[in-house]
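The shown structure was predicted, so the numbers you read here are calculated from the model rather than taken from an experiment.
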Amino acid sequence: MNSLSVLKHNLVSLYGVFMLARNTNATRYVFMIGNAQDTLAESARRLGHMRDPFGDASLETLWRQRYCPQDYDVDELLALDPATLGGMYARHMKARGLRPDFFDAAAPRHNLHYLRLRLRQTHDIWHTLTGFDTEPAGEVGLQGFYFGQFTNGQSALIIAGAILKSILRRRYGELEQFVEAFCEGYRNGRRAQPLLGVKWEDLWQEPVVELRRRFNIEAAR
């Protein structure tokens, strides 16, 4: 990738950070940052300049299969026991008025773009498993967990934007919450087993407690 392309993607990322700092609920800027940073990271991955998440055979298999299950039927999952992954996830979605298809489907352009699409699809499943809520500090915590699982610019820029916003608005209590949440998420993500290649949709009926034990996931405080 030439220097002009690198500059372009980084400028797009910084614009996304600025806009996200103004409105933390503007999800489109999270997508903007992710798309730009994943393009940069894919170039680094191919050159061997970063820890390659596709060194995990299960994730590589998903990529080769272009694994992409159909949208989840939240109402069907509500019939499952509340302690199961599917049951807990469905109640998480209903309680917050969330939809599993809130982002546009797209054909993956490269490995890390596929990974980003997969993370968007399973984002609230990870919320359920990790125990991080959907308030701003919880979202930052989940980004820390992602970063513990694999090096990615989006998570780093999101915490940077959250810190900048808190400093500029002199919300120092919020600043501490963001830093603590990211650090907790990062620590938990590093301790957990590799999760990027797991087909969570095959595990709807498994108890969350058992899944956390199996994959060494420590729930957020």
Side-chain angles (χ1 to χ4, degrees), residues 27 30 51 53-63 65 67-103 115-152 154-155 158-159 176-221:
T27 310
V30 176
R51 181 161 54 105
F54 287 85
D56 176 16
S58 59
L59 179 58
E60 177 66 20
T61 298
L62 293 191
W63 159 246
Q65 295 173 345
Y67 176 73
C68 183
Q70 293 181 343
D71 292 336
Y72 319 132
D73 189 326
V74 173
D75 290 325
E76 284 188 5
L77 293 174
L78 277 173
L80 296 176
D81 189 294
T84 63
L85 177 60
M88 191 177 294
Y89 163 80
R91 287 159 178 79
H92 161 91
M93 299 294 280
K94 284 290 186 179
R96 294 161 179 79
L98 300 173
R99 302 188 346 260
D101 60 345
F102 74 97
F103 60 90
L115 176 55
R116 185 64 57 191
L117 295 174
R118 179 67 180 149
L119 287 176
R120 289 174 187 172
Q121 185 177 47
T122 59
H123 181 76
D124 285 287
I125 297 177
W126 286 58
H127 268 299
T128 302
L129 287 162
T130 63
F132 285 106
D133 61 32
T134 56
E135 296 302 313
E139 293 291 357
V140 167
L142 184 55
Q143 291 299 324
F145 194 98
Y146 285 155
F147 197 86
Q149 286 278 299
F150 76 109
T151 305
N152 69 97
Q154 173 182 291
S155 294
I158 285 176
I159 180 59
E176 289 184 358
Q177 288 180 351
F178 286 151
V179 173
E180 288 176 359
F182 190 88
C183 290
E184 181 183 8
Y186 175 75
R187 183 193 67 232
N188 291 357
R190 290 286 285 178
R191 288 177 176 175
Q193 298 295 320
L195 306 178
L196 300 173
V198 178
K199 292 183 178 180
W200 300 112
E201 298 83 0
D202 292 345
L203 303 173
W204 287 134
Q205 300 188 46
E206 295 281 340
V208 169
V209 170
E210 175 56 33
L211 290 174
R212 286 173 177 167
R213 184 182 300 114
R214 185 186 312 171
F215 293 106
N216 200 30
I217 300 170
E218 183 178 344
R221 295 193 302 270

Separation between OG1 of T130 and CG of L142, rounded to the nearest 0.5 Å
5.0 Å

In this structure, CG of L59 is separated from CG of L196 (nearest 0.5 Å) by 5.5 Å

What closest approach, in Å, do R212 and L129 show between heavy atoms, and which atom pair accounts for it?
NE-O, 2.7 Å

Sequence neighbours excluded, the answer for side-chain hydrogen bond (donor to acceptor under 3.5 Å, both in side chains) partners of R191 is E218

Looking at L195, is its backbone amide N or carbonyl O close enough to the side chain of Q149 to form a donor-acceptor pair, meaning the two atoms are under 3.5 Å apart?
yes

List for me each residue that meets side-chain hydrogen bond (donor to acceptor under 3.5 Å, both in side chains) alongside S58, sequence neighbours excluded, and say none if there are none.
D56

Assess whether atom CD of E210 is packed by more than 12 heavy atoms of other residues, nucleotides or ligands within 6.0 Å.
yes

May I have the step-by-step check of side chain to side chain contact (heavy atoms under 4.5 Å, CB included) for R214 and Q193, ending in yes or no?
CA-CA 8 Å; R214 185 186 312 171; Q193 298 295 320; over 6 Å; no

Residue set satisfying side-chain hydrogen bond (donor to acceptor under 3.5 Å, both in side chains) with E176, at least two apart, ordered chain then number -> none

Just how far is it from atom CZ of F182 to atom CZ of F132, taken to the nearest 0.5 Å?
10.5 Å

How long is the span from the CD atom in E60 to the CD atom in Q65, to the nearest 0.5 Å?
10.5 Å

Applying salt bridge (Lys or Arg N to Asp or Glu O under 4.0 Å) to E180 and not counting sequence neighbours gives none

Can you list the steps and then say if F145 with Y186 is a side chain to side chain contact (heavy atoms under 4.5 Å, CB included)?
CA-CA 5 Å; F145 194 98; Y186 175 75; over 6 Å; no

Residues in side chain to side chain contact (heavy atoms under 4.5 Å, CB included) contact with P136, at least two apart in sequence or another chain
T24, F178

Please enumerate all residues that pass side chain to side chain contact (heavy atoms under 4.5 Å, CB included) together with M93, with sequence neighbours excluded.
V74, Y89, L98, P100, D124

Sorted by chain and number, sequence neighbours left out, side-chain hydrogen bond (donor to acceptor under 3.5 Å, both in side chains) with R221 holds for none

Shortest non-hydrogen contact from E184 toward A220:
OE2-CA, 3.3 Å

Minimum heavy-atom separation for M88 to A83, with atom names?
CE-O, 4.2 Å

Measuring from atom CG of L85 to atom CG of L211, what distance do you get when rounded to the nearest 0.5 angstrom?
6.0 Å

Using the test ring pair (Phe, Tyr, Trp, His ring centres under 6.0 Å), find all partners of F215 that sit at least two apart in sequence or belong to another chain.
W200

According to side chain to side chain donor-acceptor pair (under 3.5 Å), does anything in residues 132-143 pair up with another residue at least two apart or in another chain? List the pairs.
R96-T134, H123-E139, H127-E139, Q143-S155

Applying salt bridge (Lys or Arg N to Asp or Glu O under 4.0 Å) to R91 and not counting sequence neighbours gives none

Listed by chain and number, what are the side chain to side chain contact (heavy atoms under 4.5 Å, CB included) partners of T151, not counting sequence neighbours?
R51, F147

Pairs satisfying side chain to side chain donor-acceptor pair (under 3.5 Å), at least one member in residues 70-84, at least two apart:
Y72-E201, D75-K94

The reported gap from CG in L115 to CG in L119 (rounded to nearest 0.5 angstrom) is 4.5 Å

Closest non-hydrogen atom pair, P69 against Q121:
O-NE2, 3.2 Å

Residues L77 and A90: closest non-hydrogen pair is CB-CB, 3.7 Å

